[in-house]
Protein chains: 2
Amino acid sequence: MSEPVSIHMVAARAGCSIATVSRVINGTAQTSAEVRERVEEAVSALAYRPSEIGRSLKTRKTRTIGIVVPSFTNPVFASSIAGVEEVARAHSRTVLLTATEYHGEREEEIVETLLAKQVEGLVLTVADADNSRALDRLDAAKVPYVLLYNQPARADRYAVSVDNIAGARELVGQLIALGHKRIAFVAGRFRTSDRSLLRYQGCVEAMDEAGLPKPEVLEVDYAGDQPEEPDVLATKLRGLNAPTALFCSNDLLALAVIAASRSIGMKVPGDVSVAGFDGISIGTMIEPSLASIAQPTRAMGTEAMEILHALCQAAPVEPGVRLLQHQFRPGGSIAAAPVESKGGT
Amino acid sequence: MSEPVSIHMVAARAGCSIATVSRVINGTAQTSAEVRERVEEAVSALAYRPSEIGRSLKTRKTRTIGIVVPSFTNPVFASSIAGVEEVARAHSRTVLLTATEYHGEREEEIVETLLAKQVEGLVLTVADADNSRALDRLDAAKVPYVLLYNQPARADRYAVSVDNIAGARELVGQLIALGHKRIAFVAGRFRTSDRSLLRYQGCVEAMDEAGLPKPEVLEVDYAGDQPEEPDVLATKLRGLNAPTALFCSNDLLALAVIAASRSIGMKVPGDVSVAGFDGISIGTMIEPSLASIAQPTRAMGTEAMEILHALCQAAPVEPGVRLLQHQFRPGGSIAAAPVESKGGT
DNA sequence: ATCGATTATGAAAACGTTTTCAAGCAGACT
DNA sequence: AGTCTGCTTGAAAACGTTTTCATAATCGAT
């Protein structure tokens with residue numbers, strides 16, 4: 001903070017010009033062994049580290065990328081961020097982190113800030129990938145970016161995701177195979193998550209295919225990352241038309257739904273089956289374990305960052321959505337549907 | 001990436017000097033309404049955003065802070081990061097994020113990188129706050145930092161934590177009150193977490209006080225954030241001397257321990273009580289709910305960032321460790337100790 | 001010995017800002 | 001009319017780098 005050691009001091013101590021110091025440090029040109037040694041001595045004696053700021057200004061490269069996600073506390077995002085960061089570091093890039101807290105309207109402002117910081121590219125998860133002023137801004141600025149968890153319709157955008165529709169279909173297919181006919185979709189934030197909508201769509205398709213009516217939908221409010229109060233949620237659950245299975249748009253929500261069900265005396269999976277989406281690791285440790293669609297979250301982060309890295313150095317990359325493999329994760333939270341009481345409630 | 005619009009272009013379009021543009025943008029001096037209007041027109045027409053790089057170079061302020069934590073995927077760190085980021089944004093600072101992945105030896109290199117990026121300060125959780133070359137480096141560079149979750153002995157360092165010893169004592173006290181006499185401490189990473197060690201110490205003190213022998217210790221290996229394979233863990237648990245309660249050094253570990261116990265037919269809490277430390281929110285949603293010591297993780301993040309912000313602008317702040325209030329969170333995972341079979345195994 | 005070719009080095013420009021300094025200019029006062 | 005004050009503006013320096021260009025020095029070859 002108070003003793004900034006610049007290249008000039010190193011040059012002074014080594015008795016040469018700053019140009020030579022720069023050459024020694026970056027190995028960008030031949031230098032005599034003698035002067036090289038003096039420079040190296042000075043560098044370590046002064047604990048000199050070239051300022052990335054000065055360097056960036058000249059080279060117009062910051063080696064910094066930005067991340068924009070709805071939240072850190074959702075394990076899905078946390079672990080993909082970890083993946084991004086790992087790859088970023090491997091390519092000696094650093095990561096500027098921001099969260100929208102699920103406020104889609106903040107996206108644009110956040111992107112603006114990141115742009116001012118001269119990030120070379122971004123990895124982001126937006127509310128609606130096909131209608132985002134933030135993305136338009138990035139396109140205009142010609143700053144490369146890779147979407148994560150979004151599945152944009154536009155083919156010119158880069159994205160890494162799983163096939164949300166197929167995943168949801170698969171999961172709901174399992175429920176149907178277990179004999180469930182009245183399946184409700186418990187939706188987190190339809191409005192701020194196109195993923196949620198796609199999963200709903202997959203659910204509808206699976207039920208359609210099986211000749212079942214559209215699922216009932218229960219929309220849940222959130223406070224930050226946590227679903228609303230357990231008793232409010234419980235009340236809402238009670239208001240449903242006696243579904244035998246609940247498909248929740250994500251695992252965190254499923255956990256809350258299980259807890260709420262329990263609180264109103266509904267046994268899981270005895271009275272009602274509950275499934276989620278994401279495959280967070282905690283789901284396997286609880287009892288009953290949570291049936292879900294597992295996404296390779298960390299790998300999605302690393303993949304996104306690899307693409308972004310390529311883009312940053314203007315390497316040719318095929319645009320479009322990379323769909324990584326999802327996997328049905330069975331769990332004790334779902335079971336065969338209870339036998340239907342004839343014409344009952 | 002390819003059309004960088006600089007202050008010069010704005011000046012050219014507005015027909016004035018770059019100095020005037022700067023003044024209009026920052027409002028740092030009076031300008032005539034006429035020229036101000038022209039500048040504003042140019043700014044919005046060109047979608048100009050001052051480069052933070054250029055600005056930082058001149059002002060020697062980057063308005064960027066660094067975060068160093070062991071991992072993002074541990075909810076404890078994730079939520080305090082969220083707190084840090086929130087406050088940082090409120091003070092219009094951005095956050096550079098890095099994880100050590102629990103490799104203490106990486107800390108120094110990471111700090112070095114962050115320093116080169118000219119961060120104005122750091123929030124970090126280190127392996128051992130009293131013996132850290134990374135912190136020494138920061139002291140030498142006179143860059144302010146605030147520790148999070150660490151409780152350094154040195155009184156000149158800033159830190160935000162809970163009282164780990166007191167928390168552990170309190171929790172173990174509860175176990176003892178429930179009649180437990182053989183309590184084992186399940187330790188995650190003694191070597192890379194001084195928190196773990198403090199919690200152990202608290203456990204020992206509580207047992208000492210009650211005239212009980214030192215707790216048996218089970219040390220667990222990790223792969224990244226997840227404890228070792230469930231069956232390995234289960235085997236290790238079986239090797240213990242029939243404790244009636246397991247105090248785990250953190251909640252994630254406790255969850256794994258519960259799952260492992262279940263896998264070898266030990267009922268929780270019927271056969272063995274299990275408690276954790278941290279109070280992660282998922283702990284309240286599972287069955288049985290997890291008894292733990294809740295830390296105000298997000299508040300710890302905001303507090304740390306507030307202190308750092310003050311430090312960054314050279315405001316006087318009392319050094320030392322801020323201990324935030326922890327709270328015993330009761331849970332169904334602990335229950336009265338089974339009655340002791342006379343002189344049994 | 002002289003010449004061209006090669007190598008090591010330094011001076012200076014450039015990157016995009018902020019800020020100091022001086023100057024221009026209007027109006028107000030003597 | 002002349003001076004002073006106050007307000008607005010521009011030129012230029014500075015921040016810490018990298019890089020271009022030129023120069024000095026070394027060397028082998030004629």
Side-chain angles (χ1 to χ4, degrees), chain A residues 1-40 42-43 46-64 92 113 115-120 141, chain B residues 1-40 42-43 46-64 92 113 115-120 141:
Chain A
M1 207 72 285
S2 54
E3 50 147 73
V5 25
S6 82
I7 197 172
H8 291 97
M9 310 184 194
V10 176
R13 178 169 178 132
C16 66
S17 75
I18 61 170
T20 303
V21 175
S22 174
R23 284 188 272 254
V24 170
I25 287 174
N26 301 312
T28 124
Q30 291 251 351
T31 47
S32 71
E34 180 204 10
V35 71
R36 195 178 325 132
E37 192 159 331
R38 288 207 315 271
V39 168
E40 276 160 359
V43 164
L46 300 173
Y48 169 71
R49 261 270 164 139
S51 159
E52 285 286 342
I53 297 284
R55 183 174 283 186
S56 295
L57 186 58
K58 180 63 187 168
T59 62
R60 318 179 61 53
K61 299 226 150 283
T62 55
R63 303 201 71 71
T64 300
S92 52
T113 309
L115 246 24
K117 290 274 181 181
Q118 313 293 111
V119 295
E120 286 183 43
Chain B
M1 211 69 289
S2 53
E3 50 148 72
V5 25
S6 82
I7 197 172
H8 291 96
M9 309 184 195
V10 176
R13 175 163 180 138
C16 65
S17 75
I18 62 170
T20 303
V21 175
S22 175
R23 284 189 271 253
V24 170
I25 287 173
N26 301 311
T28 117
Q30 292 252 350
T31 48
S32 71
E34 180 205 10
V35 71
R36 195 179 324 135
E37 192 160 329
R38 288 208 314 272
V39 168
E40 276 160 0
V43 164
L46 300 172
Y48 167 71
R49 260 271 164 140
S51 159
E52 284 287 343
I53 298 285
R55 184 174 284 187
S56 295
L57 187 57
K58 181 61 187 169
T59 62
R60 320 180 59 53
K61 298 226 150 283
T62 55
R63 303 201 70 72
T64 300
S92 52
T113 308
L115 247 23
K117 291 273 180 181
Q118 313 291 113
V119 295
E120 286 182 43

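A note on names: the letters A, B, ... follow the listed sequences, proteins ahead of strands, and every chain is numbered from 1.
Applying the 4.0 Å criterion to OP1 and OP2 of D:dT9, one finds that B:Ser32 has a side-chain N or O inside that range. When the side-chain nitrogen and oxygen atoms of A:Ser17 are compared with OP1 and OP2 of C:dA11, none of them lie within a distance under 4.0 Å. The side chain of B:Arg55 places an N or O atom within less than 4.0 Å of a non-bridging phosphate oxygen (OP1 or OP2) of C:dT18. Distances shorter than 4.0 Å separate none of the side-chain N or O atoms of B:Gln30 from OP1 or OP2 on D:dC7.
Between A:Glu40 and A:Arg36, none of the side-chain N atoms (NZ, or NE/NH1/NH2) sits under 4.0 Å from a carboxylate O, so this pair counts as no salt bridge.
Taking only distance into account, the side chain of A:Arg60 never meets the base of C:dG16 through a donor-acceptor pair shorter than 3.5 Å. Residue side chain B:Arg49 does not reach the base of C:dG16 through any donor-acceptor N/O pair under 3.5 Å, judged by distance alone.
Remark: the backbone N or O of A:Arg55 is paired with a side-chain donor or acceptor of A:Thr59 at under 3.5 angstrom.
No contact: B:Ile53 has no heavy atom under 4.0 Å from any strand. Residue-level contact check: A:Thr59 touches the backbone only, with heavy atoms under 4.0 Å from sugar-phosphate atoms and none from bases.
Set against C:dG10, D:dT18, C:dT20, the side chain of A:Thr20 has C:dG10 as its closest nucleotide. The listed nucleotides are D:dG16, C:dT9, C:dT18; the one nearest the side chain of A:Ser51 is D:dG16. Comparing C:dG16, C:dG10, C:dT18 by their closest approach to the side chain of B:Ser6 singles out C:dG16. Checking C:dC21, C:dT9, D:dA12 against the side-chain heavy atoms of B:Arg23 singles out C:dC21 as nearest. With C:dA12, D:dT17, D:dT9 as the choices, the nucleotide that has an atom nearest any side-chain atom of A:His8 turns out to be D:dT17.
To the nearest 0.5 angstrom, A:Glu120 atom CD is 8.0 Å from A:Ser56 atom OG.
What separates NZ of B:Lys58 from P of D:dA13 is a distance of 12 Å, to the nearest Å. The distance from atom CG of B:Leu57 to atom P of D:dT17 is 9 Å, rounded to the nearest whole Å. Distance, B:Ile18 CD1 to D:dA13 P: 12 Å, rounded to whole Å.
With the nearest nucleotide of DNA chain D identified for both A:Ile25 and B:Cys16, B:Cys16 has the one nearer the 5' end.
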